[in-house]
K.L.:
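This is the structure I want to talk about, given as structure tokens.
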Amino acid sequence: MERIRTARLLVVDDDVDVLYAARLFLKQHVAQVDCEKDPNRIPELLREAAYDVILLDMNFGKDVTSGQEGFQWLQRILDMDPAAVVILITAYGDVDMAVRAVKQGATDFVLKPWQNEKLLATVSSALSLRRSRLEVDRLRSQQERLSADLDSSFQECIGSSPPMQRVFATIQKVAATDANVLILGENGTGKELVARALHRGSLRANQVFLSVDMGAIVESLFESELFGHVKGAFTDARTDRPGRFELASGGTLFLDEIGNLSLPMQARILRALEMRQVTRVGSNRATEVDIRLICASNRPIAEMVARKEFRQDLLYRINTVEIALPPLRDRGDDILLLADYYLKLFCRHYGKNPVQFSLAALKKLQKHAWPGNVRELKHAVERAVILSESPQLEPEDFLFSGAQSDRDELALESYNIEDVEKALIRKAMVKHGGNISHVAKELGLTRASLYRRIEKYALH
């Protein structure tokens, strides 16, 4: 009853006796009851205050029983506030008029003279509906803001290097389709950013984008998490709960690190994709789902298929289009573009005066092999911005513990030919921004020979 006591009502009727009776009774149960005889003041009243429930007479002209005025004012109110809850009142109601009123947006319909208990119950129900509509609007706005915030992260997926330009071109071609996409790349290369870009460019952009880390799902809970469960299906199943497939229906489902799935889990995913339906744990009723599927992995899926660690039929199902993200070390000057982007971003975020990189710091960033890719670069710049008190970031502001570049230097001092060759190729690729022709020329190799060594040492 607390929601009734705090409510604000507006009663509009040309009969002052009706207004007096409504105020006298309803004031006992709600915080405020405003009464108005002239319906022409409705727009002004709605601009000045937000009403939880509006009780609106259907006939304002003498001897008029058509209800036409009530319908017209109902439409005006809903135009001004689509979430408004309106109860129509009349002394000449009938079933046909009631049905028409509800179809045009009225919440309920009461007859004069009313029974007080019935009127209170009707107002209480209408108030619950009003609160529900406002909550839905709040959640929708929250979701829109969240989606906007998440989509804004795509700004981080920037670059002018040829490998990234090819990625951007593929995204533009594929986004508007419903084709399943497999995104491959090392950790930290931005696989989820690409997935969100594909969703944002699709016909499902206004629907949900649901991301699932497949590597974090315990196998015993796999079916419950992905396909849902019904109450009582297992010990902790206290209520019915939809799975990720159902929640993403109509939108995009992003399965991250799909290469971590066991073969039995892969089989269950494949069946759901083939049938386009899921069955909750504990139920025998299948539910249709409509998703656009995007998967990602940092593992060599094709090699896993050859080793029978990944189902070939599932691979065919998920990679209608395959997008391979280059590691940061192969993106040349993109390192500096991203570093500058994050520098400005974190200066604003932490309220610091703008700072800049020294030339020596930029050289250090370019020479580093970035085993953690863009994610490592982002954290490195953020840490430097937080800790530095200088208007210029220097090399000592960037500490790479266990850095690959340090390991490469050590490799060059060893006598193991493969270690030395691997280190030399990596350094040449960093120096030339991944340009295979320039790297091959620097090392005195043919392009074919270089490609074989890149494949041998998994430097791609």
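As the structure is a prediction and not an experimental result, all values here were calculated from the model.
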K.L.:
Verify side chain to side chain contact (heavy atoms under 4.5 Å, CB included) between R241 and S224, making sure each step is shown before the conclusion.
P.N.:
CA-CA 8 Å; R241 197 183 80 168; S224 172; 4.1 Å; yes
K.L.:
Any heavy-atom pair between the side chains of L198 and T252 that's under 4.5 Å?
P.N.:
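Sidechains of L198 and T252: no contact.
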K.L.:
Identify the two heavy atoms, one from R383 and one from L399, that lie closest to each other, and give their separation to 0.1 Å.
P.N.:
NH2-O, 3.6 Å
K.L.:
I need the minimum non-hydrogen distance between D290 and S249, along with the two atoms involved.
P.N.:
N-OG, 3.0 Å
K.L.:
Output yes when a side-chain donor or acceptor of Q266 lies under 3.5 Å from a complementary backbone atom of E309, and no otherwise.
P.N.:
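A pair under 3.5 Å: yes.
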K.L.:
Heavy atoms only: give me the nearest V181-R292 pair and the separation to one decimal.
P.N.:
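Smallest interatomic distance, heavy atoms only, reads CG2-NH2, 4.0 Å.
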K.L.:
Just by modelled atom types, is the N298 backbone N or O under 3.5 Å from a matching donor or acceptor in the N187 side chain?
P.N.:
no
K.L.:
Does atom CG of N206 have more than 12 heavy-atom neighbours from other groups under 6.0 Å away?
P.N.:
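Atom CG in N206 is not packed in, count stays at 12 or less.
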K.L.:
Would you check if the side chain of W370 reaches a backbone N or O of P327 as a donor-acceptor pair within less than 3.5 Å?
P.N.:
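No, the answer is negative, given that no donor and acceptor are paired below the 3.5 Å cut-off.
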K.L.:
How many angstroms lie between CD1 in I335 and CG in N373, if you round to the nearest 0.5 Å?
P.N.:
9.5 Å
K.L.:
Looking at K231, is its backbone amide N or carbonyl O close enough to the side chain of D240 to form a donor-acceptor pair, meaning the two atoms are under 3.5 Å apart?
P.N.:
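Side chain of D240 to backbone of K231: a pair is present.
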K.L.:
Any side-chain to backbone donor/acceptor pair from K191 onto G185? Under 3.5 Å, distance only.
P.N.:
yes
K.L.:
How many angstroms lie between CG in D330 and CD in E186, if you round to the nearest 0.5 Å?
P.N.:
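One gets 8.0 Å once the value is rounded to the nearest 0.5 Å.
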K.L.:
Give the C-alpha distance, both sets of side-chain angles, the deciding distance and a yes or no for side chain to side chain contact (heavy atoms under 4.5 Å, CB included) between L336 and D340.
P.N.:
CA-CA 6 Å; L336 303 186; D340 185 65; over 6 Å; no
K.L.:
Going by heavy atoms in the side chains, are L328 and T189 under 4.5 Å from each other?
P.N.:
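With C-beta onward as the side chain, the pair stays apart.
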K.L.:
Assess R268 against F227: is NZ or CZ under 6.0 Å from the centre of the six-membered ring, and within 45 degrees of the ring's axis?
P.N.:
no
K.L.:
Is it true that the side chains of R131 and S128 contain a donor and an acceptor less than 3.5 Å apart?
P.N.:
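Side chains of R131 and S128: no pair found under 3.5 Å.
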K.L.:
Is the shortest heavy-atom distance from the side chain of R47 to the side chain of M80 under 4.5 Å?
P.N.:
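Yes, side chains in contact.
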K.L.:
Taking side chain as C-beta onward, heavy atoms only, is F346 less than 4.5 Å from K352?
P.N.:
no
K.L.:
Given side chains that start at C-beta, do those of L273 and L314 come closer than 4.5 Å, heavy atoms only?
P.N.:
yes
K.L.:
Would I291 and L210 count as a side chain to side chain contact (heavy atoms under 4.5 Å, CB included) if you check the C-alpha gap in whole Å, the side-chain angles of each, and the deciding distance to 0.1 Å?
P.N.:
CA-CA 10 Å; I291 60 168; L210 189 59; over 6 Å; no
K.L.:
For the side chain of D256 and the backbone of M214, is there at least one donor-acceptor N/O pair under 3.5 Å apart?
P.N.:
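A pair under 3.5 Å: no.
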K.L.:
Would you say L387 has more than 12 foreign heavy atoms packed within less than 6.0 Å of its CG?
P.N.:
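Enclosed: over 12 neighbouring heavy atoms sit under 6.0 Å from CG of L387.
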K.L.:
Nearest 0.5 Å, what's the CD1-CZ distance between I183 and F254?
P.N.:
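Here the interatomic distance stands at 5.5 Å.
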K.L.:
Do other residues, nucleotides or ligands put more than 12 heavy atoms under 6.0 Å from the CZ atom of R307?
P.N.:
yes
K.L.:
Side chains of D333 and Q366: does their closest heavy-atom pair fall under 4.5 Å?
P.N.:
yes
K.L.:
Nearest heavy-atom pair of A197 and I171: which atoms, and what distance?
P.N.:
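Answer, listing the atom of A197 first, then I171: CB-CG2, 4.2 Å.
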K.L.:
Return yes if some donor-acceptor pair links the side-chain N/O of Q165 with the main-chain N/O of G159 below 3.5 Å, else return no.
P.N.:
yes
K.L.:
Above 12 or not: heavy atoms from other molecules or residues under 6.0 Å from NE2 of H379?
P.N.:
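More than 12 within 6.0 Å, yes.
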K.L.:
Is it the case that more than 12 heavy atoms not belonging to K344 sit under 6.0 Å from its NZ atom?
P.N.:
no
K.L.:
Keeping the roles fixed (side chain from H199, backbone from Q207), state whether a donor-acceptor pair exists under 3.5 Å.
P.N.:
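Yes, the answer is positive, given that a donor and an acceptor are paired below the 3.5 Å cut-off.
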K.L.:
Determine, for R130 against D81, whether the closest basic-nitrogen to carboxylate-oxygen distance falls under 4.0 angstrom.
P.N.:
yes
K.L.:
I want to check something: taking the side chain as every heavy atom from C-beta on, are E382 and I386 in contact at a cut-off of under 4.5 Å?
P.N.:
yes
K.L.:
Nearest 0.5 Å, please: how far is OG1 in T122 from CG in L127?
P.N.:
12.5 Å
K.L.:
What distance do R204 atom CZ and F209 atom CZ have between them, rounded to the nearest 0.5 Å?
P.N.:
13.0 Å
K.L.:
Looking at every non-hydrogen atom in both residues, tell me the closest pair between L78 and Q104 and how far apart they are.
P.N.:
CD1-O, 3.5 Å
K.L.:
Under the side chain to side chain contact (heavy atoms under 4.5 Å, CB included) rule, what do D213 and I217 come out as? Steps first, then yes or no, please.
P.N.:
CA-CA 7 Å; D213 183 355; I217 297 180; over 6 Å; no
K.L.:
Using a 6.0 Å cut-off, check whether atom CZ of F234 has over 12 heavy atoms from anything other than its own residue.
P.N.:
yes
K.L.:
Just how far is it from atom CG of D178 to atom CG of L293, taken to the nearest 0.5 Å?
P.N.:
10.5 Å
K.L.:
Looking at C347 and V385, what are the two nearest heavy atoms and their distance?
P.N.:
N-CG1, 4.2 Å
K.L.:
So, do V174 and I323 sit near enough that their side-chain heavy atoms are less than 4.5 Å apart?
P.N.:
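Answer no - side chains too far apart.
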